[in-house]
Amino acid sequence: MLTLKVINENSEEVVRKLAKKHFDAKDIIDQIINLDAQRKSSQTMLDNTLAKINSLSKSIGSLMKEGKKDEAAAAREEVTSLKESSAVYNTDLKEVEEKIQELLVIIPNLPDESVPEGKGADDNIVERSGGTIPALSSEAMPHWELAKKYDIIDFELGVKISGAGFPVYKGKGARLQRSLINFFLDNAREAGYTEIQPPYVVNSASGFGTGQLPDKEGQMYHAEVDDLYLIPTAEVPVTNIYRDVILEEKDLPVRNTAYSACFRREAGSYGKDVRGLNRLHQFDKVEIVCIEKPENSYNRLNDMVAYVQTLVEKLELPWRILRLCGGDMSFTSALTFDFEVFSAAQERWLEVSSVSNFESYQANRLKCRYRDESRKTQLCHTLNGSALALPRIMAAILENNQTPEGIRIPKALVPYCGFEIID
RNA sequence: GGAGAGAUGCUCGAGUGGUUGAAGAGGCACGCCUGGAAAGCGUGUAUACGCCAAAAGUGUAUCAUGGGUUCGAAUCCCAUUCUCUCCGCCA
């Protein structure tokens, strides 16, 4: 969430920037500024009252020692009445703080100046692209048919065991999955990321820290008995490592990578988008998470994008990078680059990675700070990206590399798989 | 799951109702000392929010978390969470 400081000091800029996300912030910002003024005055009143109570209480102690019982009793009475008013101020303060919080939480992050105007996916800008789209024969099959033909992914079996969106990978399909995970983790490690194995369920404080709660509660699986949430991405546990943490400047940048299964309810999705591997309730992903000094965060973002590019290149997939427009960006992001690979039989671009700079928006929720040169604490910037999400990579590999003899495995993966072809 | 013990600052650790934001030790930082280092000596060492134009300063809150008792709570009471020990179960 945004800081009160930013809202108070740059309210016009905040409203202007949020317009790019098609969020009309004028009223909310005004409300917050008013509430914040109330908050300050309530706090001042409360503090002054408490200060009086404290000093009177102390004097009672010494009056009792000196045997001045009457004076002590008088002080006691005064404290009693002060306590009544302090309770009122305290209630006021809590109420106003809650209201501010409720409003802060519904304001999206400010988009960076470089974010293009636009309403939706059609307005995203292609930054660059590479690879070649293969020319497939007219008998080319989409990946869900290939999966059946070679018996490597069983969607119906997943329905039987769990439900739609929980495929069962078998034989070379399962091995290819495992190979991709190792390939991604090894590449990340070589690029300087520290490997983390996080929990796959998190508490609500973690869900709040990264922004899934309270607004996206319906998108997570919730184990109610223990009040734990299945993670929708490793971003949640890995970023929450740094919740309520003050880092030293020398600790930055933090660069972590983690593999996890990801669980998403995907309530409201339907149609061709969800066919086959295109959208699942459980899928595998390797994530990269960085924490940076504010002045370095956009360089870091570029590094992360460049790194993800090396992955799609090594996998020999046709790829493109999109700079998301204001209307297509996530709530919490300041700047996002999406990676898409072309799935040649479906003839569609599939999003396989989303790399974002959240600036201090997430860090403010997390209370992730660092001590700068002058030993002052200030909010870090957080960034993350998929590197990469497996199912759509799998879909593209299967479709793009299909031949009459079978499905050819990209060279870079062969050492991981132990086979060159699925036949 | 059952029984018991516990949770204090960066760490260890004292503190069972009244200048305790918190003794003492260690660590760390800076300074002195030294040719340099060690030792020694000295100083400093939380966070958040208010007040103040700002610095200086100062107020409030925080001794796991949330409530309660009291003029006053790290200290007493209740609930929750977590940790440890023993028993049970177990990949």
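A note on names: the letters A, B, ... follow the listed sequences, proteins ahead of strands, and every chain is numbered from 1. Because the structure is a prediction, the values reported are computed rather than measured.
- In this structure, A:Asp244 atom CG and B:rC82 atom P are separated by 17 Å, rounded to whole Å.
- When Watson-Crick and G-U wobble pairs are counted only if both distances are under 3.5 Å, B:rG44 pairs with B:rC28.
- With rounding to whole Å, A:Leu82 atom CG is found 17 Å from B:rU70 atom P.
- Contacts between residues 40-51 of chain A and RNA chain B, defined by a heavy-atom separation under 4.0 Å, are made by A:Lys40, A:Gln43, A:Thr44, A:Asp47, A:Leu50, A:Ala51.
- Counting to the nearest Å, the C1' atom of B:rG44 and the CZ atom of A:Arg371 are 14 Å from each other.
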Open item on the list: Run the side chain to side chain contact (heavy atoms under 4.5 Å, CB included) test on A:Val202 and A:Asn240 for me, step by step, so that the C-alpha distance in whole Å, both residues' side-chain angles and the decisive distance to 0.1 Å come before the verdict.
Closed with: CA-CA 9 Å; A:Val202 295; A:Asn240 272 284; over 6 Å; no
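- Neither OP1 nor OP2 of B:rA46 sits under 4.0 Å from any side-chain N or O of A:Arg369.
- To the nearest whole angstrom, the two P atoms, one in B:rU65 and one in B:rA74, are 12 Å apart.
- If you take atom P in B:rG35 and the same atom in B:rA25, they sit 30 Å apart, rounded to whole Å.
- Proximity of A:Asn90 to the phosphate of B:rU60: no side-chain N or O atom is located under 4.0 Å from OP1 or OP2.
- For A:Thr377 and A:Thr80, each mapped to the nucleotide of RNA chain B holding its nearest heavy atom, the one lying further toward the 5' end belongs to A:Thr377.
- Across all strands shown, B:rU69 forms no Watson-Crick or G-U wobble pair with both key distances under 3.5 Å.
- Checking B:rA5 for Watson-Crick or G-U wobble geometry (two distances, each under 3.5 Å) identifies B:rU83 as its partner.
- Formation of a donor-acceptor pair under 3.5 Å by the A:Lys21 side chain with backbone atoms of A:Asn109 is found in this model.
- Look at A:Arg39 and you won't find any side-chain N or O under 4.0 angstrom from OP1 or OP2 of B:rC49.
- Mapped onto RNA chain B by nearest heavy atom, A:Val79 and A:Lys376 fall at different nucleotides, with A:Lys376 at the one closer to the 5' end.
- Side-chain nitrogen and oxygen atoms of A:Arg76 include none within less than 4.0 Å of the OP1 or OP2 phosphate oxygen of B:rG72.
- One finds no side-chain N or O of A:Ser55 lying less than 4.0 angstrom from the OP1 or OP2 phosphate oxygen of B:rG59.
- Remark: C1' of B:rG17 and CD1 of A:Ile60 are 14 Å apart, rounded to the nearest angstrom.
- Nucleotides B:rA39 and B:rC30 place their P atoms 15 Å apart, quoted to the nearest Å.
- Within the 3.5 Å criterion, the main-chain N or O of A:Gly218 finds a donor-acceptor partner in the side chain of A:Arg265.
- No side-chain donor from either of A:Ser179 and A:Asn182 sits under 3.5 Å from a side-chain acceptor of the other.
- Rounded to a whole angstrom, the distance from the P atom of B:rG24 to that of B:rG42 is 13 Å.
- In terms of heavy atoms, A:Val105 sits closest to A:Phe331 at O-CZ, 3.5 Å.
- When distances run from any side-chain atom of A:Lys83 to the nucleotides B:rG67, B:rU70, B:rG18, the shortest one goes to B:rU70.
- For B:rA74, there is no paired base (Watson-Crick or G-U wobble, both distances below 3.5 Å).
- Under the Watson-Crick or G-U wobble criterion, with both distances below 3.5 Å, B:rA22 is left unpaired in every strand shown.
- For the P atoms, the distance from B:rU43 to B:rA55 is 27 Å, rounded to whole Å.
- Summarising the geometry, the separation between NZ on A:Lys5 and P on B:rG50 is reported as 11 Å, rounded to the nearest angstrom.
- Between the CD atom of A:Glu77 and the C1' atom of B:rC71 there is a distance of 11 Å, given to the nearest Å.
- One can place CG of A:Leu4 at 13 Å from C1' of B:rG50, the figure rounded to the nearest angstrom.
- The CD atom of A:Glu9 sits 16 Å away from the P atom of B:rA53 (whole-angstrom rounding).
- Nucleotide B:rG36 has no partner under the Watson-Crick or G-U criteria, as no pair reaches both atom distances under 3.5 Å.
- The side chain of A:Lys94 approaches B:rG67 more closely than any other nucleotide in the set B:rU47, B:rC71, B:rG67.
- Residue contacts shown for A:Ile246 are limited to sugar-phosphate atoms, with no base heavy atom under 4.0 Å away.
- Two rings, from A:Phe155 and A:Phe166, have their centers 6.0 Å or more apart.
- Under 3.5 Å, the side chains of A:Tyr259 and A:Asp284 contain a donor-acceptor pair of N or O atoms.
- With both pairing distances under 3.5 Å, B:rG57 is matched to B:rC51 as a Watson-Crick or G-U wobble pair.
- Spacing between B:rC71 and B:rC84 at atom C1', rounded to whole Å, works out to 39 Å.
- Taking atom P in both B:rG44 and B:rG4, the straight-line distance is 47 Å, to the nearest Å.
- Of the N and O atoms on the side chains of A:Asn278 and A:Arg275, not one donor lies less than 3.5 Å from an acceptor on the other residue.
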Open item on the list: Test salt bridge (charged side-chain N to carboxylate O under 4.0 Å, His left out) on A:Lys17 and A:Glu13; report intermediate values, then the result.
Closed with: CA-CA 6 Å; A:Lys17 285 187 169 175; A:Glu13 189 186 337; 3.0 Å; yes
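- Between A:Lys285 and A:Glu287, at least one side-chain nitrogen of the basic residue sits less than 4.0 Å from a carboxylate oxygen of the acidic one, meeting the salt-bridge criterion.
- On the P atoms, B:rG9 is 23 Å away from B:rA5, given to the nearest whole Å.
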